[in-house]
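Below, chains carry the letters A, B, ... as their sequence lines are ordered, and counting in each starts from 1.
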Amino acid sequence: MKKHDNTRGALLAKFLLMTFRGLFILYSIGLVLYILICSISLGTGNQSQYANLPVVFSFTETGNLISPGIKNAATFKLHNATGIISTDSLTTGTTIFSMVGSVLISICILLIIKLICQILEAAKTNDFLVVKNAIRMRHMALLFIMVFLIDKIKLFVSSSYLADKLEFTGVNFNSVNFYSFANWEYVFFYLFLLVIAEAFRIGAQLKRENDLTI
Amino acid sequence: MPIIVNLDIMLARRKMSLTELSEKVGITMSNLSILKQGKAKAVRFTTLEAICDVLECQPGDILEFRPE
């Protein structure tokens, strides 16, 4: 039974490793193409085509919420939705800001995938509970936090910059406000991952001591 | 490490090889090698008892404290 579990575990590790390696290759190709296309479009002056700028917006009008079985429709308002705009005329600085943000996030994600591959390779050789893997998990947690922060900074800066520059009938574009701090609970998960990494490190140390106990 | 393991001294006295000791005590060669090289973090009493039994010695003959 134990041998069967080990075989299944090894197969799962192998499958996950193949999947993440494939993801790494695809993502790397995507990033290289993105950087190439952005560089070319910046050089040719067609820079705004590949910039993505997040904005926060609300609808000024109320909408109707139709519920089955209820005679009078209720109304609803849309508050602080996020979206991405593209435009033909952006300053070079704004375009570069957008592209740098996207590239930084992509590099962090690539590094996370690489760390996952390294952990899975260690799992294949039954060398899973080691201090190196704990350090890798710690780095992964920090990279996740960095991705989250870059994303939020990009949203804050972009929405604040564009709030008074965009006009659309029935839509209000908002800058930083209370709702900008929504969905920050994800950072607690990443901090918890740091705690798990520390527990992993202690576990690895205990295992090493146990292995060296004759 | 302040605790020195004088296993090779006892083995020489008893004219026994490490392989022979490993077979009689029931510990793998790699573990005995770790013990002999002073890389072990801890020794179980049961292991110490088995080694002392085979080498016909006291724990103090195998373990020595040398302050750093």
Open item on the list: Other residues, nucleotides and ligands only: do more than 12 of their heavy atoms fall within 6.0 Å of NZ on A:K165?
Closed with: yes
TODO: Please check if atom CZ in A:F188 has more than 12 non-hydrogen atoms from other residues, nucleotides or ligands closer than 6.0 Å.
DONE: no
Report all side-chain donor-acceptor pairs from residues 10-25 of chain A shorter than 3.5 Å, counting only partners two or more places apart or in another chain.
from: A:T19; atom 1: OG1; to: A:F15; atom 2: O; distance (Å): 2.7
from: A:R21; atom 1: NH2; to: A:E121; atom 2: OE2; distance (Å): 2.4

Open item on the list: Does A:F189 have more than 12 heavy atoms from other residues, nucleotides or ligands lying within 6.0 Å of its CZ?
Closed with: no
- [ ] For each of A:D211, A:I214, A:N210, A:T213, tally heavy-atom pairs with chain B at distances under 4.5 Å, and name the one with the top tally.
- [x] A:I214
Open item on the list: Using a 4.5 Å heavy-atom cutoff, which residues in residues 5-29 of chain B come close to chain A?
Closed with: B:I27
Task: Residues of residues 40-57 of chain B contacting chain A, heavy-atom criterion under 4.5 Å, by residue number - done: B:A40, B:K41, B:A42, B:V43, B:R44, B:T47
Open item on the list: Filter on salt bridge (Lys or Arg N to Asp or Glu O under 4.0 Å), then keep only pairs touching residues 135-147 of chain A, sequence neighbours left out; what's left?
Closed with: A:R138-A:E198
